Structures are given as C-alpha cells and as structure tokens.
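Below is one structure, written out as structure tokens; the observations come after it.
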Protein chains: 2
Amino acid sequence: MGTAKTDTRTRILDVAQDLIQRHGLNAMSFKDLSDAVGIRKASVHHHFATKAEMVRALLERYQVEFQQIVRKVLDSKVSGKTKLKRYCGLFLQTLEEGDQDKSCLCGMLVAELYSLDEPEAALVRKFFRSNIDSIQAILDEGAQDGSLSPGSSPDIVLAALEGGLLTARCDGGPERFSTIIRQLIKMLSA
Amino acid sequence: MGTAKTDTRTRILDVAQDLIQRHGLNAMSFKDLSDAVGIRKASVHHHFATKAEMVRALLERYQVEFQQIVRKVLDSKVSGKTKLKRYCGLFLQTLEEGDQDKSCLCGMLVAELYSLDEPEAALVRKFFRSNIDSIQAILDEGAQDGSLSPGSSPDIVLAALEGGLLTARCDGGPERFSTIIRQLIKMLSA
DNA sequence: GTCTATATAGAGATAGAC
DNA sequence: GTCTATCTCTATATAGAC
C-alpha cells in the first residue's frame, strides 16, 4: 500500500483543466499552473512545450474520460428517461464541485474558440458531436421503451446543458441548473 | 441631407462589441480597437480610461438596446407563442450577422466572468435576470391565451438560447440554431 | 481629440546548468 | 525533471505635445 504520487504531468493537466473550467483559457497562464503545482514555469514547459499542446492533451483526455462515463450511463439497464436523467446529472456534478463555479471544459473553450488553433478547435467540435450522438442514442431508446416522446432532437439537450451551466454558475447555482434539467426531462417525456 | 458621421466613442463601442461577441473579452485588445477604428491606442484610452470602464459602457448600452427590442416583441398584438418565436428570433439574428460566428455579448462575458470586476459582473447578471423576466411574461401570456402550455420555467429557454448560440456557431451555424429554437417552441406549445 | 513616446507588467517560450 | 536567467512580444495604462 501507500499513496501513489500523481505524476507532475497529470497534476499540471488537473490544475489547468480546473482553471479553464472556472476562468477560461485566456485567463489561465503558465505562471498560474507553476504556482499551483509548485514548480517553475520552465518546468511546466518541459511537459508541454506550448499552450496549444497542453490544450490538445487536455481535450484528448477529457474526451476519453467523458466518453467512459457516458458509456456507463448508456450501458445501464434502465429506461431511456432514466438514462437521460443520469446523463444530465453528469453536468450537474461538474457544477456542484468545489466552489460551484465550474463549467464544462468544452463549454468554456467554445466561447474562446478563436483563441484555438484548428487542431484543438476540431477536438472541441468532436466533443460536441459525440455528445450529440450519445444523446440521440438515449432519445431513441426512450422512444422505443415508451419513456420519452419520439421525434425529439438532441441539439436542444446539449444547448440547454451547456447554456445552463454558464447561466447557472453566474446566478442561481446548482439549484437553478437542476430546475433546468427537470424542465428539460419533463418536456421530453412521453 | 448627408450621412451623419458616427462619433468615435460609438465606433469604438461597436467594434469592441463585435470583437467580444466573436473572440471573447480577453482575446480583444486596445490595439485591435485602434486598428479597426483607425486611431491610436492612446486615443482609445481617451474615450475609455480602462478596459473595465469600456465593458461597463458596453453592457449598459447592450442592456438598454436589447430591452428596447424586447419591449417591441412584448407589446405586439400577437399570441404568446408568436412572441416567443420572435424573441428567440432575436438571438438567431445575432448568429446570422456577418460571418455567422457572433454569440450574445453576455453569453461570452459569462464564460469569462472571473475576468470582470464586480460592477461589470453585476451587469451581466442583470441582463440575464431581465431576460428571465421577459421570457416569464411571454410564457404567462401564452398560458393565458392558450398558445403555450402552462407551468413552464423561463430558465430553460435562456439556457437553450445562450447554449445554442455557442454550440451552433461552433458547428452547424444558423440552421442548427433554428432547429434548436423550433424544438424548444414545439416543446413549450400547448 | 489625437498624437508620439514611454512606463510597467505579464504573457509564452527558450537556453543551458545541475 | 527542475532550475535560473533571459528573450521577445504584447498587454494595459500614462505623460505631455499639438
């Protein structure tokens, strides 16, 4: 036994993700990272030569991790409606963490899309696309099992979740976000 | 006759708002403004001593202008549902302008909320609050005249619109945003 | 009201020692 | 892998002439 120390690269990514989700990409500097991790700026650059490279690593990790969690929701033996609730709950969890001011990583980056180079912008789009696919699968299943009304578009679910995070963290917090989710589920129910 | 020249202060505000709606606050500099307007950085500072002061002027103007347009929608002699359509159409108009990459000013600023001082952050909150009030009024009217289903919360409308702008300008554009609006109206209809 | 010039601070990034 | 030191660029902001 013994607590395995998280390697520096991972700690940098963790801090970077947290800061971007709260302050945004352009409000996060290498100095912020080096201060939080406890090493020097040059040492951060040893792990990530450029900011773009770091964002890329961040987005690739985020995509994988989020998809793994989403898969668990998709694979569970529950109704489509329950899956939709759990899926929305993933976004609520983000907002409930820490100071309740964290948004979705890609929700923040899509606002600052012009600060990204094309490879990184493409990863943001990919995140949204795979989310749309997951939501569509849930909606289809709900239409099949009769828990959700058929013919709904997944776009509004993603828009409500991303927009809900941003507006709720500004005013109302997790409670406001929960209200939004509840209303959304109600409207999509059969 | 003769075209009245827009004064410099207004031209600065116009360019600043456009740049923030497309690139974000932290990706917009005084140099960007001075280049676009055709004067020097120091001259921009003559009109707005600090960036915070400029953002404040921007938000105060935005609040007034947007409320004036919303008032026209609220005062028109049409059903609640039609008013809701027109209200959502205001956000669509933003996205359709220019390169179809413009989001709501406050939608951008809420992502970069920590880059604002409290007075400016309060103005962003005020914008969202007054939007919630307007939407609530429309929903109430629609419930009264039977065009919209009663008991709906305005929060999801605002979330879908703000989130819809951000996700649609990243992928799908005005068409995607229109889909979101259509779905939203359908779900809120009686 | 606009200009030139400058102050100051912070950013991302690199070189090279340990 | 981390450090010190430095480079270069850009940011906000100010002083003072015209």
Side-chain angles (χ1 to χ4, degrees), chain A residues 3-59 108-109 111-121 123, chain B residues 4-59 108-109 111-121:
Chain A
T3 314
K5 263 208 324 218
T6 311
D7 65 28
T8 306
R9 187 188 150 92
T10 303
R11 283 198 294 150
I12 294 171
L13 286 178
D14 290 344
V15 171
Q17 183 173 328
D18 182 85
L19 282 176
I20 294 175
Q21 286 183 283
R22 293 193 291 117
H23 298 178
L25 176 66
N26 288 323
M28 178 216 69
S29 69
F30 276 80
K31 178 165 190 308
D32 294 330
L33 299 178
S34 73
D35 286 348
V37 174
I39 57 178
R40 298 303 213 158
K41 270 199 301 175
S43 306
V44 178
H45 276 285
H46 169 76
H47 296 279
F48 304 98
T50 67
K51 206 176 184 181
E53 188 179 316
M54 213 195 62
V55 171
R56 202 175 323 132
L58 223 35
L59 284 168
M108 295 298 280
L109 291 180
E112 297 176 291
L113 201 65
Y114 280 89
S115 299
L116 303 181
D117 295 326
E118 185 45 37
E120 290 75 43
L123 290 173
Chain B
K5 264 209 324 218
T6 312
D7 65 28
T8 307
R9 186 189 151 95
T10 303
R11 283 197 294 151
I12 294 172
L13 287 178
D14 290 345
V15 171
Q17 182 173 328
D18 182 84
L19 282 175
I20 295 176
Q21 286 182 283
R22 295 194 288 118
H23 297 178
L25 176 66
N26 288 324
M28 177 216 71
S29 70
F30 277 80
K31 177 165 191 308
D32 294 330
L33 299 177
S34 74
D35 285 347
V37 174
I39 57 176
R40 298 304 214 158
K41 276 196 296 177
S43 306
V44 179
H45 276 284
H46 169 75
H47 296 278
F48 304 99
T50 67
K51 205 175 184 181
E53 189 180 317
M54 212 194 62
V55 171
R56 201 175 325 130
L58 222 36
L59 284 168
M108 295 298 282
L109 290 180
E112 298 177 290
L113 202 65
Y114 280 90
S115 299
L116 303 180
D117 295 327
E118 186 45 38
E120 289 75 42

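As the structure is a prediction and not an experimental result, all values here were calculated from the model. By convention in this document, chain letters (A, B, ...) are assigned in the order of the sequence lines, proteins followed by strands, and residues within each chain are numbered from 1.
- Remark: B:H47 pairs with no residue by the ring-ring contact (aromatic ring centres under 6.0 Å, His included) rule, at least two apart or across chains.
- The existence of a salt bridge linking B:D7 and B:R11 is excluded, since no basic side-chain nitrogen approaches an acidic carboxylate oxygen closer than 4.0 Å.
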Anything under 3.5 Å between a protein N or O and an N or O of nucleotides 15-18 of chain D, put it in a table, one pair a line.
none

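- With rounding to whole Å, A:E53 atom CD is found 12 Å from C:dA13 atom C1'.
- Contact between B:E53 and B:T50 at its shortest, heavy atoms only, is N-OG1, 3.1 Å.
- Proximity of A:L59 to A:V55: side-chain heavy atoms (C-beta onward) are separated by under 4.5 Å at one or more points.
- As rounded to whole Å, 12 Å separates atom P of D:dA13 from atom CG of B:L33.
- In this structure, A:H23 and A:I20 have side chains that are not in contact, with every pair of non-hydrogen atoms separated by 4.5 Å or more.
- Atom-to-atom, CG of A:N26 to P of C:dG10 comes out at 17 Å; the value is rounded to the nearest Å.
- Annotation: side chain of B:M54 is in contact with side chain of B:I12 (closest heavy-atom distance under 4.5 Å).
- In terms of phosphate contacts, B:H46 brings no side-chain nitrogen or oxygen within less than 4.0 Å of OP1 or OP2 of C:dC3.
- Interatomic distance, NE2 of B:H45 versus CZ of B:R40, reported as 13.5 Å (0.5 Å rounding).
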Sequence neighbours excluded and cut-off under 3.5 Å, please list the side-chain donor-acceptor pairs for residues 25-34 of chain A, or say none.
{"residue": "A:N26", "atom": "ND2", "partner": "A:E112", "partner atom": "OE2", "Å": "3.3"}
{"residue": "A:N26", "atom": "ND2", "partner": "A:S115", "partner atom": "OG", "Å": "2.8"}
{"residue": "A:S29", "atom": "OG", "partner": "A:K31", "partner atom": "N", "Å": "3.3"}
{"residue": "A:S29", "atom": "OG", "partner": "A:D32", "partner atom": "N", "Å": "3.1"}
{"residue": "A:S29", "atom": "OG", "partner": "A:D32", "partner atom": "OD2", "Å": "3.2"}
{"residue": "A:K31", "atom": "NZ", "partner": "A:D35", "partner atom": "OD2", "Å": "2.8"}
{"residue": "A:D32", "atom": "OD2", "partner": "A:S29", "partner atom": "N", "Å": "3.0"}
{"residue": "A:S34", "atom": "OG", "partner": "A:K31", "partner atom": "O", "Å": "3.1"}

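- Regarding contacts with the backbone of D:dT2, a side-chain N or O of A:T8 is found under 4.0 angstrom from either OP1 or OP2.
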Practice problem: Any chance you could list the contact pattern along nucleotides 6-12 of chain D? Use B for base contacts, S for sugar-phosphate-only contacts and - for none, protein heavy atoms under 4.0 Å, 5' to 3'. | Solution: -----SB
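- Residues satisfying the salt bridge (charged side-chain N to carboxylate O under 4.0 Å, His left out) criterion with B:D117, sequence neighbours excluded, are absent altogether.
- Within residues 9-18 of chain A, no residue has any heavy atom closer than 4.0 Å to DNA chain C.
- For A:E120 against A:R56, the heavy-atom pair with the smallest separation is OE2-NE, 2.7 Å.
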Exercise. Apply side chain to side chain contact (heavy atoms under 4.5 Å, CB included) to B:L13 and B:Q17, showing your working.
Key: CA-CA 6 Å; B:L13 287 178; B:Q17 182 173 328; over 6 Å; no
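- Put simply, A:S43 has a side-chain N or O that comes within less than 4.0 Å of OP1 or OP2 on D:dC3.
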